[in-house]
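Just the heavy atoms: all of them, side chains too, but no hydrogens, waters or symmetry mates, feed the values below. The sequence lines fix the lettering, A, B, ..., with proteins before strands; numbering per chain opens at 1.
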Number of protein chains: 2
Amino acid sequence: MTKEDRFEHILTKLSVNQRVHFEELAVELNVSEDTIRRDIDILGKNGLLVKVRRGGIIPAINPLSFQERASLFPEGKERIAFKVQPHLSEAKTVFMDGGTTILAIAAAIPINAELRIITNNMALPAVLHEHEQVEIISLGGNYNRNTRTTTGAQTCLEACKYVADLYLMGACGIDHALGVTAQVAEDGEVKRAFLASSRKTIAVVTQEKIGRIDFFKVANLDAIDTIVTDLPSDDFRLNAYRFAGREIL
Amino acid sequence: MTKEDRFEHILTKLSVNQRVHFEELAVELNVSEDTIRRDIDILGKNGLLVKVRRGGIIPAINPLSFQERASLFPEGKERIAFKVQPHLSEAKTVFMDGGTTILAIAAAIPINAELRIITNNMALPAVLHEHEQVEIISLGGNYNRNTRTTTGAQTCLEACKYVADLYLMGACGIDHALGVTAQVAEDGEVKRAFLASSRKTIAVVTQEKIGRIDFFKVANLDAIDTIVTDLPSDDFRLNAYRFAGREIL
DNA sequence: CAATATTTTGCAATAATTTGCAAGAAAAAT
DNA sequence: ATTTTTCTTGCAAATTATTGCAAAATATTG
């Protein structure tokens, strides 16, 4: 009975019953409850279920996260948003930059979360309008209509004034050899500023950006602590990054 | 019976019956009324229902959004927007602050206008999304969800870095004796910063703000060059301002 | 194949959450 | 104004989670 066998059993049971309990699974799989607990923790971090007290449930029925989703399992940006949440709830101050994935993550933040978000993303405040416990600090600069972000020297200068626990970096290409790249220089400059002032950096990239090399080099791969994608965390396309020692979610 | 199971039951029942009661749910789910109370509190805080006395009800149709409110009373604001356009087309660089009237003015700017707008109004970029010849400089600072503006020391500091031909001041009370006042200090501070760095200032005020005196004093009447309202320019209610030597439109 | 790392597992101690109860506060009803 | 009902708050007991650790299992290396 390998760990993967247990995963399969858990997910199968989950899809049938909509929920699983540590206690039952421990008996069924003949391992301790602690082991099941750890399994469900891993599955949860990969967005395959939602860990709750006493067990796990299908993400779709978790009313406090993605209630409106039609499909059984989250996909794409929602799945990324899902994986990122635990990290977000640990942080107090977060840098967030541009991109629709970042917006999806913000939309998934629980309504009563307490957080300080520092951003150059002008679309973000609208998304977080109901989140009264979330303090938003907007970075000034030249507004860019395509990306809905501010960029330029002013933006970088302001970013330098803060230190964040976490930087959620969106909208970038990522390559195992050439590291992180941006399509436009201004955006890349801001990313560098954020990188320099955050304790931890998570790059959020949808699969089409994996292996993509853009014009402006932002940083080497080792500047990133964690990479979150919409692929399963053990997908072969992520092997190169895993070998590079990055945490993959 | 986990918390999530209860959530599901509550929300299902809610969708069928339009409302739920603590007492019934406590019996149905075999827990104390206090527990149900707490559950409904959580669901309420996440916007999945509205907590009321004795239970919860389905959330009302979205409370009026900012944009909707903005379009609710368009006549007056459109008139103002119309009157302001000539001044706007003369200017190269314009400060614009918060308020729905300002948004109405921005929405009325011709699509091919060439302009540089410096603003702390986070809703403005969305309105000007199609205006490719309009350069927008966003001022950073603490985001305020009610006014959709940034305020604070950072905002003022940045405002000081620019000089504008014109300042379109919105969302303020105006009184012939006490001058211009703002409802919150932070907003007032930003208004002062804009005032100090612009060659010409136009206050745009809908009629309900004429004669209104708010808490925070921004400036005396003579700091304003022009007052634009939705009243006819010869309306008697504007006499006091005309006598004070202000230009009235 | 043996020796050594690495991972996994179960256990125990400690921490955190949940729950029902009770007392006082607030809101409706009389 | 008074009574009744409903809400909120604090608290302690019970349940459930987390963490550190050592033994067992598994993988890696020479």
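When the P atom of D:dT8 is taken as reference, atom CD1 of B:Ile42 falls 14 Å away, rounded to whole Å. Rounded to an integer number of Å, the gap from B:Glu24 CD to D:dT6 P is 12 Å. As rounded to whole Å, 19 Å separates atom P of C:dT18 from atom CG of B:Asn30. Remark: P of D:dT5 and CD of B:Glu33 are 13 Å apart, rounded to the nearest angstrom.
You'll find the side chain of A:Met122 reaches within 4.5 Å of the side chain of A:Thr150, heavy atoms only.
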Would you tabulate the pairs of protein nitrogen or oxygen atoms and nucleotide nitrogen or oxygen atoms of nucleotides 7-9 of chain C closer than 3.5 angstrom?
from: C:dT8; atom 1: OP1; to: A:Lys3; atom 2: NZ; distance (Å): 2.9
from: C:dT9; atom 1: OP1; to: A:Arg6; atom 2: NH1; distance (Å): 2.6
from: C:dT9; atom 1: OP1; to: A:Arg6; atom 2: NH2; distance (Å): 3.3
from: C:dT9; atom 1: OP2; to: A:Arg6; atom 2: NH2; distance (Å): 3.0

Can you name the atoms? Protein N/O to nucleotides 14-16 of chain D N/O, anything below 3.5 Å, with the distance.
from: D:dT16; atom 1: OP1; to: A:Arg54; atom 2: NE; distance (Å): 3.3
from: D:dT16; atom 1: O4'; to: A:Arg53; atom 2: NH1; distance (Å): 3.2

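A donor-acceptor contact shorter than 3.5 Å is absent between the side chain of A:Lys217 and the backbone of A:Gly188. Side-chain atoms of A:Asp230 do not come within 3.5 Å of backbone N or O of A:Ile80 as any donor-acceptor pair. A side-chain donor-acceptor contact under 3.5 Å links A:Lys83 to the backbone of A:Thr229. Listed for the B:Lys209 side chain is no donor-acceptor partner under 3.5 Å among the backbone atoms of B:Ile174.
Ion pairing between B:Asp41 and B:Lys45 holds under the 4.0 Å rule for side-chain N and carboxylate O.
Contact annotation: B:Lys51 does not reach the phosphate of D:dT6 (side-chain N/O to OP1 or OP2, under 4.0 Å).
For the pair A:Asp34 and B:Val52, nearest-nucleotide mapping onto DNA chain D gives the more 5' position to B:Val52.
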message: Working note: A:Thr35 + A:Arg6, criterion side-chain contact (heavy atoms from CB on, under 4.5 Å); need CA distance, chi angles, decisive distance, verdict.
response: CA-CA 10 Å; A:Thr35 302; A:Arg6 290 202 308 270; 3.4 Å; yes
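Shown here are the ring pair (Phe, Tyr, Trp, His ring centres under 6.0 Å) partners of A:Phe95, two or more places apart in sequence or in another chain: A:Phe194.
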